[in-house]
Each structure stands twice: as structure tokens, then as C-alpha cells.
Amino acid sequence: MEEAQHIIVIGAGLIGLCTADVLIARGAKVTLVDARSGPCEGTSFSNSGMIHPSQSRSWAPDARETKAAKDAAQVTTALAVRSRALLLDRRKQLGLPKRASGCLQIQPTIEAARQFQAVQTDMGVRTDIVMHPVESFGLPACRFPDDSSGDARAFGFALADDLAARGARFVYDAEGLNIRRTDDGFAIKAAGQVISSQHVVVAAGVGSPDILAKLDVRLNLNRVSGAAADFALPEDMEGLPSCPIMDAQSRSALTIFADRLRVSGGWGVTDPTVLIARWTEIAPGLFNRLNDPISTWTGERPMSPVGRPYISGTSLPGLWVNTGHGHMGWTLCAGSGELLAEMVLEGRVDRRFAFAG
Ligand SMILES: Cc1cc2nc3c(=O)[nH]c(=O)nc-3n(C[C@H](O)[C@H](O)[C@H](O)COP(=O)(O)OP(=O)(O)OC[C@H]3O[C@@H](n4cnc5c(N)ncnc54)[C@H](O)[C@@H]3O)c2cc1C
């Protein structure tokens, strides 16, 4: 019997975990290496939970209208639609609770909502205008009925347990890892051990460029910060939204999880109080009923310049990247994992998310 191929995945966030998931499902042996002490401790720690193909356009203000950004949005939407279906199935298999479908997005005016609806319709994204603004705190909004949501970190934990049960090896606390080329692949020195493989997938989020630079491969990736504040649910659940609500102006969202209410997001925001202030303005009746946050968090999104992730080989045979998902990493994780695993194991050729470095 042929021995299973061994593949190293650097990064145990949503992207690395989902890549490992498909690699193992297709017969490979996987070692995941991460600088932190457990899964989803990086950007995947506290996101807004939206599985939203509707938001596939780049958020970079200067990229939105360029041809490159529009092309990127088309291919990213297609991947997001595939990924959403895979992710919802995977969540179900892992026994995670089903959530109400749809996301809303508050727009500054009804005209802005109609304009956004036209753009989305062009991209093939079903978009309605909210006719009962009580759902959006009395403000004009678009509704994306095909979007969904779920707790990304809970998914990451459940998937990491499932991977371990299926034979994945996890090497945590691998801060300051070293990587070098060998005669037949790569050797990684991390957490006091050396691990070798013909194939290495770099899925280390904002840490990816530094790892690739050790092999003289240059990755152009921006870090865009965002923040989150979690609140205990109010005793009186009256008026809580049934699906996540985004605010186009602040690029943030209000999401109700099983045990908490979260405001999160922001473009370049490092202070969660900015988001709390904005949501208190949008929904004063709700925010005045909440106690102080139970926790706050700041993270950085790994963002490619035009919003198209890098899911690709590199100039070095056997070295792969799966990163740059920006504000879309939860939405895209399952589809990106599938795509990269097929490239590595089955030789799939797909240049939509190619990386030139
Ligand atoms: C506030 C906020 C809200 C968001 N909301 C949404 C949303 O609603 N929907 C959506 O689709 N997306 C959302 N996102 C985006 C999404 O969370 C990210 O795209 C996704 O988490 C990125 O996953 P990742 O696996 O690439 O990175 P990470 O989760 O950061 O994983 C990378 C891993 O690599 C490890 N690592 C890094 N460097 C090294 C190194 N040198 N050696 C070893 N290990 C290393 C890190 O420790 C980390 O565990 C949001 C992001 C933010 C910040």
C-alpha cells in the first residue's frame, strides 16, 4: 500500500484548519504548526461570525472601483458561494447549531441601499431592500437572504478536535519557527523539534509574509485592524435582531451568539469603544439595557491589496500559500481549504487566486 503523503500546514486558524481538513479527507497525513498555544488564537479569535458572500468586494477605499478590484470581487464571490455551502455542511457534521439565515446591512439612505442592491444584483448576489425597518433599528437597509452566520471560534475548536481524532498532529508554541529548503522539500525547526515534508502550506494569516521571506519569497499583504466587544445578553431579549446586522458606514456588525452579543469589525479600528459608540447611536434602546462589556479584543486581518485571497503555489515547488482573505476569512475558509488541497494533492490548476512570488 502506498504511504500517505505528509504535509505541513503552518497556522491553526480557520484557513489552516480547513486546509488540513480536506487534505486529511483526501488521504494525506498533516502536521499543523502554530506559534500560539491552541487553535484560533489569531485573527480567527473573535470575528463577527457572518458567512457573507454578499461582502466579497474589497473594502480598501482606493481599490473598490478599479477593474482589478471588480475582477477580484467576481471570483471571490464565486468561491464564497461554494465555501458557504461546504461550511454549512461541515458545521452540521460537527454538530454545531443551525442559525437563522440572512444578514442585514444598514445603509446611510434608501438611495444608497438601492444603489448597493443594483451592484449586488450585477454580481449575482440576491439582495432585498428591508421593508420593515424595525428589523434594522428604523434605518434603511439591504437584506442578503443567502448569507448566513455562526460562531467561527466554536467551529475552529470543534474542527481541531475532529482533526486530532482523525490523526492530525498539532505542534503548538512554535513561536520563532525556522524554515529552510532541503534536497527533497523543507525542514521546519519549531518548538524544539525538526519536521520535514515535501509540501508546506503557509496559512499563517498576517504572519505569512515573514515566514515566506525566510525562503526569499515576497508576499504583498496588508494588515487591517479591527476590534470586538462582547456583552452578556440582556435579560429581556425583546428587540434583539434575529440575524447579524452590518453597518456600512463603520464596517462593523452586531451579532447575537448563543451566549453573548458582539459588536465587531471596523476598518483600521483598534479601540472597541469606537464601535460601541457607533452602535449606541444606531440602537440606543438596546445598548442602554446592556452592562459593560465582558471582554474586548483587537485583531488584524490579512488583506491582499485588491481583496483577492492568495490560494496558490509559489516560485518554490512544494511551497503553497493560503492567506489574504481579509474581511472574508470565515466565509471563505472551507472553499479555500478545498481548493488548495486539490492543488497540492490532485494537481488542480486554477489561476484565479494565483500568487506571482
Ligand atoms: C473584527 C473582525 C471581524 C471579522 N468578521 C468576519 C466575518 O463576519 N466574516 C468573515 O468571513 N470574516 C470575518 N473576519 C475575517 C476573518 O476573521 C479572517 O479573515 C480569518 O480569521 C483569517 O484566518 P487565518 O486562518 O488566515 O488567520 P489567523 O486566524 O490569524 O490564523 C493564522 C495562524 O497562524 C499563526 N501564525 C502566525 N505567524 C506564525 C509563525 N511565524 N509561526 C507559527 N504560526 C504562526 C497564528 O498564531 C494564527 O493562529 C473578521 C476579522 C476581524 C478582525
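Bear in mind the structure is a predicted one, so any value in this text is a computation, not a measurement. Ligands are counted one by one from 1 in listed order, and the atoms in each one are counted from 1 as well. Along the sequence shown, the residues carry numbers beginning at 1.
When hydrogens are left out, the protein atom nearest atom 27 (O) of ligand 1 is Gly205 CA, 3.8 Å; that is the closest non-hydrogen contact. In terms of protein heavy-atom proximity, atom 13 (C) of ligand 1 is nearest to His327 O, 3.3 Å. In this structure, the protein non-hydrogen atom closest to atom 30 (O) of ligand 1 is Thr43 N, 2.9 Å. Among all protein heavy atoms, the one lying closest to atom 37 (C) of ligand 1 is Ala204 O, 3.2 Å.
Of the N or O atoms in Met50, one or more lie within a sub-3.5 Å distance of an N or O in ligand 1. Of the polar atoms of Gly226, none of the N or O atoms is found under 3.5 Å from an N or O of ligand 1, judged by distance alone. Residue Glu41 has no N or O atom closer than 3.5 Å to an N or O atom of ligand 1. Inclusion of Ser48 in the set of residues having an N or O under 3.5 Å from an N or O of ligand 1 is warranted. Between Asp34 and ligand 1, at least one N/O pair is under 3.5 Å apart. Considering both main-chain and side-chain atoms, His325 never comes within under 3.5 Å of ligand 1 through any nitrogen or oxygen pair. Below 3.5 Å of separation, one finds an N or O of Asn47 facing an N or O of ligand 1. Note: no N/O pair closer than 3.5 Å links Glu300 and ligand 1 by distance alone. Residue Ile51 places no N or O, backbone or side chain, under 3.5 Å from any N or O of ligand 1.
Counting atoms of ligand 1 from 1 in the listed order, those under 4.0 Å from a heavy atom of Met328 are 10 (C), 11 (O), 12 (N). Remark: ligand 1 atoms within the under-4.0 Å shell around heavy atoms of Thr331 are 10 (C), 11 (O). Taking every heavy atom of Leu177 and a limit of under 4.0 angstrom, the matching atoms of ligand 1 come to 42 (N), 43 (C). Close approach to Ala203 involves these atoms of ligand 1, each under 4.0 Å from a residue heavy atom: 32 (C). Interface of Ile15 with ligand 1, defined as ligand atoms under 4.0 Å from a residue heavy atom, comprises 23 (O), 24 (P), 25 (O), 26 (O).
The nearest non-hydrogen atom to atom 23 (O) of ligand 1, considering only Gly265, Ser44, Cys40, Gly11, comes from Ser44. Here the shortest heavy-atom distance to atom 51 (C) of ligand 1, taken over Met246, Arg36, Arg301, Arg251, belongs to Arg301.
Looking only at atom types and distance, the side chain of Gln107 has a donor-acceptor partner in the side chain of Gln105 under 3.5 Å away. For the residue pair Gln93 / Arg90, a side-chain donor-acceptor distance below 3.5 Å is found, with atom types taken as modelled. Side-chain contact, Asn322 with Thr19: a donor N or O sits under 3.5 Å from an acceptor N or O. In this structure, a donor-acceptor pair under 3.5 Å is absent between the side chains of Arg308 and Thr76.
Remark: Glu346 engages Arg26 in a salt bridge (charged side-chain N to carboxylate O under 4.0 Å, His left out) (not counting sequence neighbours). Residues satisfying the salt bridge (charged side-chain N to carboxylate O under 4.0 Å, His left out) test with Asp71, not counting sequence neighbours, are Lys67.
Distances from ligand 1 to the non-hydrogen atoms of Ala227 include at least one value under 4.0 Å.
One finds no salt bridge joining Arg36 and Asp34 here, because no Lys/Arg side-chain nitrogen approaches an Asp/Glu carboxylate oxygen to under 4.0 Å.
Under a 3.5 Å cut-off, the side chain of Ser44 and the backbone N or O of Gly13 do not form any donor-acceptor pair. Counting only distance, with no hydrogens or angles, the side chain of Tyr310 and the backbone of Leu219 share no donor-acceptor pair below 3.5 Å.
Counting only heavy atoms from C-beta outward, the side chains of Phe257 and Ser149 never approach each other to under 4.5 Å.
Residues Leu221 and Leu332 fall into different hydrophobic clusters, defined by Ile, Leu, Val, Met, Phe, Trp and Tyr side chains chained together at heavy-atom separations under 4.5 Å.
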